[in-house]
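Below: the structure, in structure tokens.
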Amino acid sequence: MSEQAKRAEEFAALHVPGAPLVLYNIWDAGSAGAVAKAGAAALATGSWSVAAAQGYADGESIPLPFLLQIVERIVTSVELPLTVDFEGGYAVAPEALAENVSRLIAAGAIGINFEDQIVGGEGLHTMDVQAARIVAARAAAMAAGVPLFINARTDLFLKEKDAGRHGALVEEAVDRGLRYAEAGASGFFVPGLVTPDLIRAVCEGVGVPVNVMMKDGMGSSADLAGLGVARISYGPAPYFTAMKDLKARVPVT
């Protein structure tokens, strides 16, 4: 087994419902080094942060070759498993998606976030379309000999800003989670979902490790662990905090 495959297995093993992996998202080799020195068990990029750090907007605006270069630098610089926020995979068709996943694995990634929203368009891919895309990503990983952790993300809750309406979306979210897992997803990511009872329902319903994105008012990591969460990430918040601190420290003449 290759060292990269071992890292992928080690990363997957960190996803324990009730004892979640906490990922403080990074955006380059420098931030990766800082988070690693703080004692992190693994690293995760955030697409918004990676793009913003290089002067791009989110939504696959940063060119794929440039993203792969950043991934290579992080992997070369820090000896921790790295999962990459790969947005929609820079392709819609399964064949093109598989090629992009292969390139990302070659750059050193052992995991991806893979979202079901239509990047640059409206709404979400149907479950059938997204499942086919996950099948293609899994096939590419198998061909590379790396048990890639595919963190299948649904944007149902991010699209609906009113948390009071999220309860009506849980059934579809669970259906998507089950379908994505059947297609080869390793975990299920529900950013935007903040209500404890609804988080618990998703954790109990999908049968794979569930990832939530930390937001103000969600409680502590321990609170989320009690709901059955297996992974907690921070999205662009670490980048916002770092840039705010940097701005505050700039000398004013």
Minimal non-hydrogen separation, [X] against [Y], with atom names:
{"X": "V119", "Y": "G59", "answer": "CG1-O, 3.6 Å"}
{"X": "S221", "Y": "P20", "answer": "O-CG, 4.4 Å"}
{"X": "L224", "Y": "M218", "answer": "CD2-CE, 3.9 Å"}
{"X": "V174", "Y": "G205", "answer": "CG1-O, 3.7 Å"}
{"X": "Y180", "Y": "A152", "answer": "CD1-CB, 3.7 Å"}
{"X": "V71", "Y": "A109", "answer": "CG1-N, 4.3 Å"}

Less than 4.5 Å apart, any side-chain heavy atom of [X] and any of [Y]?
{"X": "D155", "Y": "F157", "answer": "no"}
{"X": "L43", "Y": "V78", "answer": "yes"}
{"X": "P147", "Y": "E9", "answer": "yes"}
{"X": "R138", "Y": "S186", "answer": "yes"}

Whether R153 and D116 form a salt bridge (side-chain N of Lys/Arg under 4.0 Å from carboxylate O of Asp/Glu) is what I want to check.
no
When the ring planes of F149 and F11 are compared, do they come out parallel, tilted or perpendicular, using 30° and 60° as the limits?
perpendicular
Counting only N and O atoms by type, is there a donor-acceptor contact under 3.5 Å from the side chain of [X] to the main-chain atoms of [Y]?
{"X": "S31", "Y": "D28", "answer": "yes"}
{"X": "H166", "Y": "E160", "answer": "yes"}
{"X": "R179", "Y": "Q130", "answer": "no"}
{"X": "T195", "Y": "L198", "answer": "no"}

Please check if the number of heavy atoms outside [X] that lie under 6.0 Å from its [atom1] is greater than 12.
{"X": "K215", "atom1": "NZ", "result": "no"}
{"X": "E171", "atom1": "CD", "result": "no"}
{"X": "M142", "atom1": "CE", "result": "no"}
{"X": "D162", "atom1": "CG", "result": "yes"}

Kindly indicate, with the supporting measurements, whether the criterion salt bridge (Lys or Arg N to Asp or Glu O under 4.0 Å) is fulfilled by E172 and R176.
CA-CA 6 Å; E172 181 180 347; R176 284 180 177 267; 3.0 Å; yes
So, for W48 and F240, is the gap between ring centers shorter than 6.0 Å?
yes
Pair F86 + F114: ring centers closer than 6.0 Å:
no
Atom [atom1] of [X] and atom [atom2] of [Y]: how far apart are they, to the nearest 0.5 Å?
{"X": "E204", "Y": "L227", "atom1": "CD", "atom2": "CG", "result": "9.5 Å"}
{"X": "L104", "Y": "L148", "atom1": "CG", "atom2": "CG", "result": "7.5 Å"}
{"X": "I26", "Y": "L82", "atom1": "CD1", "atom2": "CG", "result": "5.5 Å"}
{"X": "E115", "Y": "R133", "atom1": "CD", "atom2": "CZ", "result": "9.0 Å"}

Going by atom types only, do D58 and S47 share a side-chain donor-acceptor pair under 3.5 Å?
yes
N113 and side chain to side chain donor-acceptor pair (under 3.5 Å): which single residue from N211, N151, N25, T83 fits?
N151
Under 4.5 Å between side-chain heavy atoms, counting indirect links through other Ile/Leu/Val/Met/Phe/Trp/Tyr residues: same cluster for V206 and I199 or not?
yes
Between side-chain atoms of residues 91-103 and protein atoms elsewhere (two or more places apart, or another chain), which donor-acceptor pairs fall under 3.5 Å?
residue	atom	partner	partner atom	Å
N100	ND2	G89	O	2.9
N100	ND2	Y90	O	3.3
S102	OG	A98	O	3.0

With W27 as partner, the option from I70, V50, D85 fulfilling side chain to side chain contact (heavy atoms under 4.5 Å, CB included) is V50
Applying side chain to side chain donor-acceptor pair (under 3.5 Å), can you list everything that pairs with R200, at least two apart in sequence or on another chain?
none
Go through it in stages, so that I can follow the logic: the residues are Y24 and Y234, the test is ring pair (Phe, Tyr, Trp, His ring centres under 6.0 Å), and I'd like the CA-CA distance, side-chain angles, deciding distance and then a yes or no.
CA-CA 6 Å; Y24 200 69; Y234 280 74; 5.1 Å; yes
